[in-house]
Amino acid sequence: MSLRGRHLLGIEPLLPDEIVALLDLAEEYVSLNRQPQKHRETLAGLTQINMFFENSTRTQASFELAGKRLGADVMNMAVEASSVKKGETLIDTAMALNAMHPDLLVVRHPHSGAVDLLAQKVACAVLNAGDGRHEHPTQALLDALTIRRAKKRLHRLTIAICGDIAHSRVARSNILLLGKMENRVRLVGPPTLIPAGAAELGVEVTHDMEAGLAGADVVMMLRLQRERMDGGFVPSEREYFHRYGLDAAKLARARDDAIVMHPGPMNRGVEIDGTIADDINRSVIQEQVEMGVAVRMAAMDLLARNLETQTG
Ligand code: ASP
């Protein structure tokens, strides 16, 4: 079981077999994480540095827990208090950290491509924890594990990804992963929030929420990412909820056993009705968070095996 690459920068370069191998290993960590004694020595002696240049709750906390449960020395760099605020460039910061010999560097950055650039400059394994609107590979992997557990398969499913697709790295990584695993992916949202050329990604596109949800096995909702919008992409939140917010009436168009997902953070009453988000018979949102820790443990475990190979 291994990954071909030294880094995990995106879903794009992964082969279906690598995705399945990572999810299979993550399953083992799901079991471990449900036991009172969760500690392993898999990453013992290795140093993991988390550098988050953009806010995060779930991703940062789960990468930290994942590293600690596997025995790594984990450091969270406080970007707010660092020299980044004094104008230091990303590369200078990365080179300074590189000189401290980390083995795993987990990076989130607001600019698409910034994490790839950084990976070219450092000697350790780099994990992309989200770069701009480009990729968020561990999110797509944890979503895949959640879907596989709920649906007992990860192929030939109809998956509706709804809302602010244009600004979403979660959508992009999911489109790539679900496409590789031969699923039918539908993008649903207002024309202003669907990226130009989306149909070329091998997906269906609709601006009608009810048509988009018809017969879906999985309904994946996305947050309106206002921090990436520089103008009026939607008329008002009320109007948006009316047309694109997930409520019981719209969800009734999906299959009776359809699951509801959201990567978080959620804006209740904007893209999703709070009652649906909390409905334990439909919503797997908390399970997504649980899978996040296991998937990140598996990703770091696999990359660490490659480090051993490189250093002999
Ligand atoms: N947490 C996800 C991300 O970092 C989704 C979101 O922010 O809406 O991309």
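In each ligand, atom 1 is the first atom listed, and ligand 1 is the first ligand listed. Everything quoted here is computed from the prediction, not taken from an experiment.
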What's the shortest distance from atom 7 (O) of ligand 1 to any protein heavy atom, and which residue and atom give it?
Arg223 NH2, 2.9 Å

Taking only Lys NZ, Arg NE, NH1 and NH2, and the carboxylate oxygens of Asp or Glu, determine whether Asp92 and Lys121 approach each other closer than 4.0 Å.
no

Side-chain (Asn98) to main-chain (Ala123) donor-acceptor, under 3.5 angstrom
yes

Salt-bridge present (Glu12, Lys180; N to O < 4.0 Å)
no

Record the part of Arg58 in heavy-atom contact with ligand 1 below 4.0 Å; permitted values are side chain, backbone, both and neither.
neither

Using a strict 4.0 Å threshold on nitrogen-to-oxygen distance, state whether Glu210 and Arg253 make a salt bridge.
yes

Just jot down the ligand 1 atoms closer than 4.0 angstrom to any heavy atom of Arg108, in number order.
4 (O)

What atoms of ligand 1 come within less than 4.0 Å of a heavy atom belonging to Val170?
2 (C), 5 (C), 9 (O)

contact_flag Gly264 ligand 1 heavy-atom lt 4.0 Å:
yes

Below 3.5 Å, N or O to N or O, backbone or side chain included: is there any such pair between Arg169 and ligand 1?
yes

Hey, are Lys250 and Asp247 close enough for a salt bridge, meaning a charged N less than 4.0 Å from a carboxylate O?
yes

Hey, is Glu287 close enough to Arg149 for a salt bridge, meaning N to O under 4.0 Å?
yes

Could you tell me whether ligand 1 has any atom less than 4.0 Å away from a heavy atom of Pro265?
yes

